[in-house]
Amino acid sequence: MIEVRGISKQYGNKNVVENVSLQIPTGKITSFIGPNGAGKSTVLSMMSRLIKMDQGEVFIEGRELSKWNSNDLAKKISILKQSNHINVRLSIKDLVSFGRFPYSQGNLTKEDWKYVEEAIAYMELTDIQDKYLDQLSGGQRQRAYLAMVLAQNTEYILLDEPLNNLDMKHSVQIMKVLQKLVREWNKTIIIVIHDINFASCYSDYIVALKDGKVIKEGTTDEIIDPTVLKEIYEMDFEIHNINGNQICVYFT
Amino acid sequence: MKTRYLLLAFLILSVTSVFVGVKDISPLDLFHLSDEKLQILLVSRLPRLISIIIAGMSMSVVGLIMQQLSRNKFVSPTTAGTMDSARFGILISMLLFTSASPLQKMLVAFVFALLGTFIFMKILERVKYKDPIFIPLVGLMFGNIVSSATTFFAYKYDLIQNMSAWLQGDFSVIMKGRYEMLYISIPILIVAYLYANKFTIAGMGEEFSTNLGLNHKKIVNIGLTIVALVSALVVLTVGMLPFLGLIIPNIVSIYQGDNLKKSLPHTALLGVVFVLFCDILGRVIIYPYEVSIGLTVGVLGSGIFLYMLMRGRAYA
Amino acid sequence: MHNKAKLGTLSILAILLVVFYMVIDAGGNWDYILPRRGKKIFAIILTGAAISLSTMVFQTVTNNRILTPSIIGLDSLYMLIQTGFLFVMGATTLTMMSKNVGFVISVGLMVLFALLLYHFMFKREGQNIYYLLLVGLIFGTLFQSISTFMQVLIDPNEFLLVQDKMFASFNNVNTDLLLLSVAGIIAVTLYFMRFAKYLDILSLGREQAVNLGVNYDYVVKRLLIIVAILISIATALVGPITFLGILVANVTHEFMKTYRHSSLIFGSILISVIALVGGQLLVERVFTFSTTLSVIINFVGGVYFIYLLLKGNKA
C-alpha cells in the first residue's frame, strides 16, 4: 500500500504542492486529474522519489521512502514520466531488457529474458522488437517504454500522462492493457491523465487536485458528477450514460 | 531615478580617474597647470578616460544586441567566439603584413570576428537542444577551438607571450595616438540605437519578424556586423574585457526589462561605470603598480556572473 | 559477436601501429631506441586510456555527446598552477624542485578544485548538470585571466618554460611520474569498476535511472570524481589535450554503434591509442617535430567538433 502524509513542495516562493495526503487503494487504477498546474505530476514524482519533498512523508508498504534501499524500491514501484527523449541508439528489446536491471544488475538470466519477451508481447511489439527507438512513431515508443516498466514487474506502477501524443486507438489499447494488469496481476496503477472521459471509463478511483491541494477524491462514480467537476474545473459539465460508460460533455 | 544615480557615479568616477596616477595631479592644479602636468593629462589621462568610456559602452551594448538576436541571456562576445576570432584575425594580419598598420589589423580582425560570430549563429540554428545554459557552453568551446588555432600559429612564429599581452585588457598602454580608432565605434553605436527596435523584433524569430514585415536576415546581419566591428576595435586597442557584455545587460534587464530602446542607454551607462570602477580599483590596489583591467574585470565579472547564475536559479 | 569483431579489428590496428612505431628507422640501435620509444608508447596508452575512459563516462553522465570533462576548467587551472609556480618561485627554484612534488601538487589542486565545485553544486537540490559545467567554465575563464596577467609579467626567457607546458607532449615524459600515474590510474579504475554496471542505465537519463533503482546522486557524484582524477593525472603527466576526448568518444560511437559501455569504453581506449600513436608518427616523421601532437589533435578534434555541431547534434 502507498500512503502519502502531508507532502509539500515549493519552487522559489510558490507552493506547487501543499500538504497533500492520500491513501492509494491497492489493486485498482487511480487517476490524478485536475487543471494545468495543479501539481499532479509533482505529487507523482515525489511519490516515486524522482523529486525530493520539502515536507511530509510517503510510506510504501509501511516503510518510509527514504528508508528504502533504492534498488529494492525499484522492484516494488516503477515510474514512467512523459518526456523520454534520449540520444542513445537502443532497440526496443534493449530498452525493455533494462527493466530487469533491479533484479539482474545488468547480467540478465534466462528468467529475466522471459520477462522481457513477455512484456514485449504484452505490448504487441514482438514484430518490431529489433527496431531502434529513433525509428519508431510516438505511439510505438510510448509502448516500448511501457513494456520496459512491465518487465520491471513491480506491484505499483506510476504513469505520468501515458496517453500523451497517442491517437485514440493506441490510447484505448494502453488503457485496456492497464486494466488487464490490474485484473490479472493485481497491480496497483496510478496515472496522471488529462482526458476526463478516459479517467471516467477506465479508472476505479479518482483524485482531483487543484492549486497544489487535493480538493476531491473518491470512487469514479463519486467524482464524475456535474457539481464535483464544476468545482474542479470551473466549467459546466453534462454527464451522459452511454453503453454503461459515464461520458462527460463539456463542449458548451 | 536610477539614471540620475548612474550619471552621478559616472561623473565622480570620471573625475577620480583623471586624477589618480603615479604623477600627482590634483584638481586644484587645473588652474595653474605646469607644462608637464598638462602633457600628462592630454597624452595619458584623458585618452585613458575616453577609451574607457567608449570601450565600456561598446562592449556592454554589443553584448545586449547579441542577447537580443539570439534570445539567450548568456550569449556575449566572450561566450560566442567573437573575441577569440578577432584575436585570431589580429595574429593573421601580423603574420601576413609584417608591419601592419592599425587600420589593416582592424579590418582583418573585423572580418574574422564577423566570420566567427556568423559561424556561431549558424551553429545556434542547428543545435537542436536549446537549453539556455547549453548555448554558452557551445560558444565557449567554439572560442576554445579558435584560440587553439591562434596558439598553433603563435607557437610556430614564437609570438605566444606577445599574444598574451593583447589577450588581456589593459588601459595603461593607452596614450594619445594609440586609441583614436576607438572613435569609430561611436557612430556604430548610434546606428545600433536606431536599429534597436528591429533587433528586439528579430530576436523573436524569423517567422515572427516576417509576419511584422521585417527582413529578418538583413537585421540579423546588420546586428552581427555591428557586434564584430566593435569587438574588433576594442580587442585591438584595449584588449579582451571578459564578461562585460554578459553581466551588464543582464543586470540592466533585471530592473529595466527587455525593450532594447529603453534599456540600451542604461546598459551603455552602467558599462562605463563598471569599467571605470574596475580601472580605478586596478590602479590603486597595488599602487604604484597596476593590475590590468582584464584581470579586475575578469575577477569581478566572473564573481557577479556566478552570483547571477545562482540567484537566477531560484526562479528557474 | 559483431562488437567483438570490431574490437578485434581495432586491437589489431592498434598493435600494428605500436609495433610499426617501435621499429621504424631503428637502425639496429635497439638498446637505445626500444626503451625510449617504449616509454613514449606507454605514456600514450596510459593517457589515451585515462582520457577516453573519463570522456566516455562524462558524456554518459551528462547525456551529451559534445562535451568534454576538461570543460569544467581543469585545463585552465593546470596552466594557472604551472604559471603560478614559475611566477612565485622563479625559474631556478622551479628546475631544482622535484618533478614528483610538482606533479602531486598539480593533481592535488585540480582534484580539490573539482571536488569543491561538485560539492558546491550538488548541495543544491534540482541541480542541472549544465550549471555545473557553466560555473566550471567561468572559473576556467577566471583562471585564464589570472595566468595571462602573470604571463605578461614573466621574463621572456622564463616564459618558455610555461610555453612548453601549454602543449601536451609525449617526448619528454618523466619515468618517475609515469610510475606514479600508473599507480593512480589503476587505483581509480579499480574503484570505477564498482560503478561500471550503472553506465548503460545512466544513458537513459536521470528519471529512468532512478526508476530502475540507481542511487543517482551518489553514483553520479562518484563517477564525476573519478573523471576529475583521471583527467587531472593525464593533464599533469603530458599537458592539456582538450579535444582528444571529444574526438575519440564520438568516433567510437560512430564506429561501434552500440549502447553497451563495456564495448564502448574498450573501443574508445583502442581508438585513442590509434589516434595518438598515428599522430605521434605524423609529428615525428612528417612534421619532423616542427609542431606538437596536441596541436594536431586539437585541430582535428576541433574541426570535427564544429562538424558535429553543424550536422545538428541530437544532444
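Protein chains get the first letters and strands the later ones, always in sequence-line order, with residue 1 at the start of each.
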| request: Would you mind checking which part of C:Ile296 comes under 4.5 Å of any heavy atom in chain B, side chain (CB onward), backbone (N, CA, C, O), both or neither? | output: neither

| query | So which part of B:Val291 gets closer than 4.5 Å to some heavy atom of chain C, the side chain, the backbone, both or neither? | reply | both

| task | For residues B:Ser302 and C:Leu142, report the shortest heavy-atom separation together with the two atoms involved. | result | OG-CD1, 3.4 Å

| field | Rounded distance (nearest 0.5 Å) linking atom CG of B:Leu295 with atom CD1 of C:Ile146 | value | 6.0 Å

| request: Inspect the surroundings of OH in C:Tyr304 and state if more than 12 heavy atoms from other residues, nucleotides or ligands are less than 6.0 Å away. | output: yes

| When rounded to the nearest 0.5 angstrom, what distance separates OG1 in B:Thr296 from CZ in C:Phe149? | 9.0 Å

| task | Can you tell which part of B:Phe142 gets under 4.5 Å to a heavy atom of chain C, answering side chain, backbone, both or neither? | result | both

| message | Could you measure the distance from the CG atom of B:Leu241 to the OG atom of C:Ser145? Nearest 0.5 Å is fine. | response | 10.5 Å

| C:Ile138 side, atom CD1; B:Leu246 side, atom CG - distance, nearest 0.5 Å | 7.5 Å

